[in-house]
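Structure, as structure tokens:
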Amino acid sequence: MSAIVITVDGDRLPARAGMTVAAALIAADRPELRRSPRAGTPRGVHCGMGHCFECLVTIDGTPDRRACLVEVSDGMTVETSR
Amino acid sequence: MNSSTLSFAGKASTGHSHAPSKDPGVEPFSCDVCVVGAGAAGLSAAHAAAACGTSVVVLDAFPRPGGQYYMQPPAAPLASAKAMRQVTDGAALIAEAERAGARILPGREVWGVFPGGGQPERGTSAAAPSDAGGFTLHADGDGGAVRVTARAIVVATGAHDRVVPFPGWTLPGVMPPGAGQRLAKLSGTPPGRRTLIAGSGAFLLPVASSILKAGGEIAAIFEADNRVLAAAGIVARNPSIWGELARLARPLFRAEFEVHRGAVVVAALGDDRVRAARLAPLDTSGTPDLAQTFEIDDIDALLVGYGFRPHVELTDALGCTHDFDEAAGGWICRAAPDTFATTVAGVFAAGETTGIAGSRPALLSGRIAGLAAAESLGFGDTSGERRYLVERRRRPAAFAAALATHFTPPAGLAAAITNDTVMCRCEDVTAGEVRAALADGADDAFGAKLWSRAGMGLCQGRVCGFGLARLIAAERGIDPEEVGFNTPRLPLRPVKLSTMQAALKE
Ligand SMILES: Cc1cc2nc3c(=O)[nH]c(=O)nc-3n(C[C@H](O)[C@H](O)[C@H](O)COP(=O)(O)OP(=O)(O)OC[C@H]3O[C@@H](n4cnc5c(N)ncnc54)[C@H](O)[C@@H]3O)c2cc1C
Ligand code: FES
């Protein structure tokens, strides 16, 4: 897989084309993606297959995208809500 | 891929897969058979039905077809995955289905299904059998919004990890084994630098093996079941799987990590992410002995799961009957063994949706369902081939069933659920709140949801449903079966209001 660069919360991170956004963040040792709505506790990837909605992040300006389903692309911008 | 085989039920073929769209953004399709799920079962159903001459559309939520067992790594394959037979076998299945004329539409998650022409009856939240015949399915995703009208449906939506909450399970880094498997196999990324794997089921081993291949480290594997000898007996009686087991086990022995038995994770520890796990041995009743806990530290990933549970949202929304079979995954869709027809006319179900059995039985049930669906629409007599397939499915299905009885989640897991343990991750509902709801008079899954909001979030109880049933059953001293399960509400997955309006218009 070819090496690309994505921007996560303003930081440029290396990634490989085809990996999911969730994998790119975990590979970069950034497991926390958001805070839970009521208790405000840290959350990261849970089911890894699109059905729990724990991994919601903003991708290229679109909020509430599932990081475990979307594949990275060069120049992609990801914002977590941690 | 031959889209010209698609035609609308009862009408002459237009020669096109779809008519010009009246709602911009929602692409309409018409076909004889719509298959939901492009995994082992869905792909073989699609292939079989299309080969009988029906027009077939396959919808799948993931960006690529293949489902779980046959998941297809991205365009530029991982070096380690390239050689994997599962990947090449999966690619062949996909190609065969397309060659037979099935139109596979990945990146389309089904969020609604209605009987007949597609108009939901006012006031109903789910579809019910209709005399009008046929169904309309709505799906959305990165592939684009679609509306599919079909004369018959095959639901092959697979399964997901069966989890039971424990204190700390919401910490980043804590996931079910399936999530670790997808990270490692699809993206070549281990779930962490050093992973602890625990729970129950034959699946834990292949997950460990994938993580090693992806460059991760395994701290340990803990299998809850400690009846090693009985498990060895099942294996001994089924020589056909020796080769597979040996292949799976090889990397494990090479890495020389320990596989322990008879203990379960009772807490994940860490501040902002998981850093350690607390485990406890199981007593003879399958209850963790909290007086004898021990810790494993220096981990940054913790995978805990107790097998799989079928995705039955769609079959439930369609009004199909479901049965409870804990070893087969809990609530499973009832299907006739020789047709895989559900209790609703025109709806077939195949693969894990009808009970957890693994990839081989899923391939066979998919084929049976595809043939039966085609036959039900007047495309020939498939009974001879179906009889043969039912026979071929018998042994692998029996093997899976025998193995599964070994890996049912320990009976007393709920004992580790403290009052401050989050049960419903979506709504942050704690076990204490659920227990309070039970004390107030809630007595089943539905009551607990109304009282406490547990299961009311975006995941609709897919994640917490099993654990919640276990907790309620333990508190009330009843069977998990009696707790029931919550019927999904439409839309089954969140969908933009504008998309929903466009899809339902007309
Ligand atoms: C994460 C995971 C990993 C697994 N890995 C292995 C393994 O390594 N070895 C093994 O033997 N078994 C594995 N299994 C067991 C696996 O379930 C079966 O072996 C096999 O994949 C079953 O085939 P299936 O067609 O029934 O379901 P699946 O292969 O799961 O296919 C179901 C498909 O339905 C789709 N779907 C579900 N809901 C919707 C919806 N609403 N709209 C559109 N599409 C939908 C999913 O995206 C999925 O592609 C795994 C299971 C899981 C959950
Ligand atoms: S981790 Fe569950 S939806 Fe992405």
Side-chain angles (χ1 to χ4, degrees), chain A residues 1-4 6 8 13-57 59-60 62-74 76 80-82, chain B residues 61-64 68 73-79 107 109 141-142 158 160-161 163 169-176 178-184 186-193 214 270-274 300-301 311 313 422 425-430 453 457-460 462-464 493-494:
Chain A
M1 288 200 275
S2 56
I4 58 171
I6 62 172
V8 179
L13 298 181
R16 295 183 307 266
M19 78 198 302
T20 62
V21 172
L25 282 153
I26 286 172
D29 200 30
R30 291 171 170 241
E32 183 183 328
L33 303 178
R34 54 191 277 271
R35 294 268 161 169
S36 70
R38 216 172 122 199
T41 56
R43 297 289 172 88
V45 168
H46 179 66
C47 74
M49 52 190 274
H51 72 242
C52 76
F53 298 90
E54 284 282 26
C55 64
L56 299 181
V57 294
I59 296 177
D60 289 336
T62 308
D64 297 339
R65 311 266 3 244
R66 281 168 281 178
C68 71
L69 291 185
V70 180
E71 290 170 10
V72 293
S73 57
D74 202 16
M76 179 182 266
T80 69
S81 46
R82 52 196 295 253
Chain B
F62 292 147
R64 290 160 218 286
Q68 303 293 6
L78 312 167
E109 190 169 40
D142 282 356
H160 56 105
D161 294 87
V163 297
W169 76 304
T170 57
L171 284 171
V174 182
M175 298 166 218
Q181 177 78 329
R182 290 186 65 81
L183 282 168
L186 272 181
S187 296
T189 306
R193 181 186 54 79
D271 35 22
D272 54 346
R273 59 191 289 182
V274 65
D300 58 355
H311 268 302
E313 296 158 283
V422 170
R425 301 173 67 108
C426 299
E427 301 280 313
D428 265 332
V429 180
T430 64
R453 300 186 60 77
L458 283 182
C459 95
Q460 297 215 25
R462 282 184 287 267
V463 176
C464 67
R493 310 287 166 111

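Remember, predicted model here, so these are calculated numbers, not experimental data. Reminder, nothing fancy here: chain letters follow the sequence lines and each chain counts from 1.
Across B:Pro494 and A:Phe53, no two heavy atoms sit closer than the pair CD-CZ, 3.2 Å. Of all non-hydrogen atoms in B:Ser187 and A:Arg16, the two that sit nearest each other are O-NH2, 2.7 Å. Between A:Met49 and B:Gln68, the closest heavy-atom pair is CE-NE2, 3.0 Å. The two residues B:Glu109 and A:Gly50 make their nearest non-hydrogen contact at OE2-O, 4.0 Å. Taking every heavy atom of both residues into account, A:Cys47 and B:Ala179 meet most closely at O-CB, 3.3 Å. Summarising the geometry of B:Arg273 relative to A:Asp29, their closest heavy-atom pair is NH2-OD1, 2.7 Å, with the distance given to 0.1 Å.
Although no hydrogens or angles enter the test, the distance criterion places no donor-acceptor pair under 3.5 Å between the side chain of B:Thr189 and the main chain of A:Ala27.
For B:Val422, the part lying under 4.5 angstrom from a heavy atom of chain A is the side chain only. In this structure, chain A has a heavy atom under 4.5 Å from the side chain of B:Pro63, while its backbone stays farther away. Using a 4.5 Å cut-off between heavy atoms, A:Asp64 makes no contact with chain B at all. No part of A:Leu25 comes within reach of chain B, as not one of its non-hydrogen atoms sits under 4.5 angstrom from that chain. With a 4.5 Å cut-off on non-hydrogen atoms, B:Cys464 does not touch chain A at all. Heavy atoms of A:Arg66 lying under 4.5 Å from chain B belong exclusively to its side chain.
The residue among B:Gln181, B:Arg182, B:Arg193 with the most heavy atom pairs within less than 4.5 Å of chain A is B:Arg182. Between chain B and the options A:Pro42, A:Ala39, A:Ser36, A:Gly48, heavy-atom pairs under 4.5 Å are most frequent for A:Pro42. Among the candidates B:Leu183, B:Val463, B:Thr170, B:Val163, the residue making the largest number of heavy-atom pairs closer than 4.5 Å to chain A is B:Thr170. Of the listed residues (A:Ala22, A:Ala23, A:Gly44), the one with the most heavy-atom contacts under 4.5 Å to chain B is A:Ala23.
Expressed to the nearest 0.5 Å, how far CG of B:Asp272 lies from CZ of A:Arg35 amounts to 7.5 Å. To the nearest 0.5 Å, the span separating CZ on A:Arg38 from CZ on B:Arg453 amounts to 8.5 Å. Rounding to the nearest 0.5 Å gives a distance of 8.0 Å between CG of A:Leu69 and CG of B:Asp142.
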Determine, stepwise, if the pair A:His51 / B:Arg493 fulfils side chain to side chain contact (heavy atoms under 4.5 Å, CB included).
CA-CA 8 Å; A:His51 72 242; B:Arg493 310 287 166 111; 3.9 Å; yes

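Considering only residues two or more places apart in sequence or on other chains, A:Glu54 meets the side-chain hydrogen bond (donor to acceptor under 3.5 Å, both in side chains) condition with A:Arg34, A:Arg43, B:Arg425.
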